[in-house]
Amino acid sequence: MPPRTCALCDDARAILKRPKTGQQICKECFFYVFETEVHNTITEACLFKRGDRVAIGASGGKDSTVLAHVMKTLNERYAYGLELFLLSIDEGITGYRDDSLETVKRNQQQYDIPLKILSYDELYGWTMDAIVSQIGRKNNCTFCGVFRRQALDRGAAILDVDHIVTGHNADDIAETVLMNIMRGDIARLGRCTSICTQGEDTIKRSKPFKYAYEKEIVMYAYFKKLDYFSTECIYSPDAYRGHARAFLKDLEAARPSAIIDIIHSGEAFEIKDDVKATQKLQQTCRRCGYMSSNELCKACTLLEGLECGLASNAVTGSARRKLDVEGHPSKTMRQIPFFRAPPHLQLSKQSVSPAPS
């Protein structure tokens, strides 16, 4: 049988089959349609405006490396007029994050994009290695997820950017929909498929790869010969997300469109008004100034648990009650630096403040 020609250009030899569509296409057409689909996602959602300062969450993995490459390519091809930065968070995982950060540093040179690295140790006084040594591996992803999200906002505030983009892909979002359904987490289910999120005091955050399949991101990185780090986090094999991922892969094998179908199903969920009324309003953490639905944000609660040796209880909520009974530790307890919104957000809040009577 003679080799197939590309289904798009009908000229070059087809060398790959798109997992997303099943089309057999050539390498150059694959690059073009992948980049064009991301561009369409960006423009249809109106993610950016000319002059925006945009931080790319960079871990050194395939998703963030491809995101950095594609963002730079599209910014130049379509004249977005963006000022791009790389923002990396060092969780302090020996043998994993230290090696991946070396990849990020090479990416910084390859793409000529400024890089900022912010560490857990610098912000919280703890590394993930130290946290795991104290609490074990059962709840370590909870600590890392909470700390990482706040660290990204704090790093972005230091850079004074308007926007953070992350490499979350279609598989990640479909997994999150499944996880929230299995946990009955109505609050997160209502917003987990949003391409863009922003709180009153937080920086706009979006996912340009919302509809990009993980397999296609891997193929893009491979055929472009991009420099990325491929080792999985040493603390993640026991994560709850792994069960949702395995289930999703089984669904995808039987029905390749399952990933996008789940995302569209998540987008169609509507939360009843009476359920919305029971959800807590966002406020500001009285200790660190970060957004929170309680007096203390989750990061401060977890950090307090670590400092008091109650970390195993911090994730269940009983740590707060135990601290109230036993009294708080000495003033030597480490605390998270007070969060200062970037200047442009502070000016925005001032501009909409009511005039004094």
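No hydrogens, no waters, no symmetry mates; every other heavy atom, side chains included, goes into these values. What you are looking at is a predicted structure, and each value in this text was computed from that prediction instead of being measured.
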State, yes or no, whether a side-chain contact exists between Tyr124 and Arg334 at a heavy-atom distance under 4.5 Å. no
Within 45° cone of Phe85 ring axis and under 6.0 Å: Lys116 NZ or CZ: no
Polar side-chain atom of Ser100 near backbone of Phe229 as donor-acceptor pair, under 3.5 Å: no
Applying side chain to side chain contact (heavy atoms under 4.5 Å, CB included), name anything that partners Gln23, two or more places apart in sequence or on another chain. Leu8, Arg18, Thr21, Ile25
Would you say Arg183 has more than 12 foreign heavy atoms packed within less than 6.0 Å of its CZ? yes
Is there a path from Leu248 to Val218 through hydrophobic residues (I, L, V, M, F, W, Y) whose side chains come within less than 4.5 Å of each other? no
When you compare the side chain of Val70 with that of Tyr220, does any pair of heavy atoms fall below 4.5 Å? yes
Under a single-linkage definition using a 4.5 Å side-chain heavy-atom cutoff for Ile, Leu, Val, Met, Phe, Trp and Tyr, are Phe34 and Tyr222 assigned to the same hydrophobic cluster? yes
Specify the closest pair of heavy atoms between Cys9 and Cys26, including all atoms of both residues, with the distance to one decimal. SG-SG, 4.0 Å
Distance, nearest 0.5 Å, that separates OG of Ser119 from CD of Glu91: 10.0 Å
Out of curiosity, does Ile259 fall in the hydrophobic cluster containing Val66 (side-chain heavy atoms, cut-off under 4.5 Å, transitive links)? no
So, do Ile42 and Pro208 sit near enough that their side-chain heavy atoms are less than 4.5 Å apart? yes
Which residues pass the salt bridge (charged side-chain N to carboxylate O under 4.0 Å, His left out) test with Arg106, not counting sequence neighbours? Asp227
Below 3.5 Å, can you tabulate the donor-acceptor pairs from side chains in residues 74-82 to any protein atom, sequence neighbours excluded?
unit_1 : atom_1 : unit_2 : atom_2 : d
Asn75  : OD1    : Gly81  : N      : 3.3
Asn75  : OD1    : Leu82  : N      : 3.0
Asn75  : ND2    : Leu82  : O      : 3.1
Glu76  : OE2    : Lys72  : NZ     : 3.1
Arg77  : NH1    : Glu35  : OE1    : 3.0
Arg77  : NH2    : Glu35  : OE1    : 2.7
Tyr80  : OH     : His39  : ND1    : 2.6

Count I, L, V, M, F, W, Y as connected when their side-chain heavy atoms are under 4.5 Å apart, and connections chain through other members. Are Phe223 and Tyr213 then in the same cluster? no
Spatial distance of atom CE (Met291) from atom SG (Cys285) [nearest 0.5 Å]: 11.5 Å
Say whether Gln150 and Asp153, considering side chains only, have a donor N or O and an acceptor N or O under 3.5 Å apart. no
Can you measure from CD1 (Ile234) to CD1 (Ile93) and round to the nearest 0.5 angstrom? 6.5 Å
Quick one: side-chain hydrogen bond (donor to acceptor under 3.5 Å, both in side chains) partners of Asp129, sequence neighbours excluded? Thr94, Tyr235
Output all residues satisfying salt bridge (charged side-chain N to carboxylate O under 4.0 Å, His left out) with Asp99, sequence neighbours left out; order by chain, then residue number. none
Okay, side chain of Asn180, backbone of Leu178: is any donor-acceptor separation there less than 3.5 Å? no
Does the Ser88 side chain pair with the main chain of Ala58, one donor and one acceptor, at a distance under 3.5 Å? yes
State whether Asp171 and Lys215 are salt-bridged, where the test is any N-O pair (Lys NZ or Arg NE/NH1/NH2 against Asp/Glu carboxylate O) under 4.0 Å. no
Test side-chain contact (heavy atoms from CB on, under 4.5 Å) on Thr301 and Val146 and set out the steps. CA-CA 10 Å; Thr301 301; Val146 170; over 6 Å; no
With sequence neighbours excluded, tell me which residues meet salt bridge (charged side-chain N to carboxylate O under 4.0 Å, His left out) with Asp261. Arg255
Tell me every residue that passes ring-ring contact (aromatic ring centres under 6.0 Å, His included) with Tyr211, counting only those two or more places apart in sequence or in another chain. none
Is there a side-chain contact between Cys300 and Gln335 in this structure, where contact means two heavy atoms from C-beta onward sitting under 4.5 Å apart? no
By ring-ring contact (aromatic ring centres under 6.0 Å, His included), which residues pair with Tyr228, not counting sequence neighbours? none
So, for Cys196 and Leu47, which heavy atoms are closest and what is the spacing to 0.1 Å? CB-CD2, 4.3 Å
Looking only at the side chains, is there a donor atom on one of Ser59 and Arg97 sitting less than 3.5 Å from an acceptor on the other? no
Applying side-chain contact (heavy atoms from CB on, under 4.5 Å) to Gln110 and Leu226, what does each step give before you reach the verdict? CA-CA 10 Å; Gln110 293 157 358; Leu226 300 184; over 6 Å; no
Side chain to side chain, Phe48 and Met71, heavy atoms closer than 4.5 Å: yes
Under 3.5 Å, is there a donor-acceptor pair between the side chain of Gln134 and the main chain of Leu306? yes
Pairing donors with acceptors under 3.5 angstrom, does anything connect the side chains of Asp10 and Thr5? yes
If you measure from CD1 on Ile203 to CD1 on Ile164, what distance do you get to the nearest 0.5 Å? 5.0 Å
Is there side-chain contact between Arg148 and Tyr120, with at least one heavy-atom pair below 4.5 Å? yes
Counting N and O atoms only, with roles assigned by atom type, does the side chain of Asp185 sit under 3.5 Å from a partner on the main chain of Arg188, one being a donor and the other an acceptor? yes
Met179 vs Cys192 side-chain heavy atoms within contact, under 4.5 Å: no
ring-ring contact (aromatic ring centres under 6.0 Å, His included) partners of Tyr111, counting only residues at least two apart: His69
Are Ile217 and Phe31 co-members of a hydrophobic cluster defined by side-chain heavy atoms under 4.5 Å apart? yes
Go through Arg149 and Arg205 one step at a time and tell me if the side-chain contact (heavy atoms from CB on, under 4.5 Å) criterion holds. CA-CA 11 Å; Arg149 178 173 182 82; Arg205 189 182 297 218; 3.4 Å; yes
Run the salt bridge (charged side-chain N to carboxylate O under 4.0 Å, His left out) test against Arg191 and tell me which residues pass, sequence neighbours left out. none
Does anything in residues 53-70 form a salt bridge (charged side-chain N to carboxylate O under 4.0 Å, His left out)? List the pairs, not counting sequence neighbours. Arg53-Glu83, Lys62-Glu214
Between Val161 and Leu87, is there a side-chain heavy-atom distance shorter than 4.5 Å? no
Taking side-chain hydrogen bond (donor to acceptor under 3.5 Å, both in side chains) as the test, write out the residues that go with Asp90, two or more places apart. none
Arg245 side chain to Asp172 backbone, donor-acceptor under 3.5 Å: no
Considering only NZ, NE, NH1 and NH2 on the basic side and carboxylate oxygens on the acidic side, decide whether Lys210 and Glu267 come within less than 4.0 Å. yes
May I ask you to check whether over 12 heavy atoms, not counting those of Lys17, lie within 6.0 Å of atom NZ? no
Backbone N/O of Lys49 and side chain of Asp52: donor-acceptor pair under 3.5 Å: yes
Interatomic distance, CG@Leu16 vs CD@Glu216, rounded to 0.5 Å, equals 8.5 Å
If you measure from CZ on Phe147 to CD1 on Ile89, what distance do you get to the nearest 0.5 Å? 13.0 Å
If we ignore hydrogens and angles and just use 3.5 Å, is the side chain of Asp160 paired with the main-chain N or O of Ala157 as donor and acceptor? no
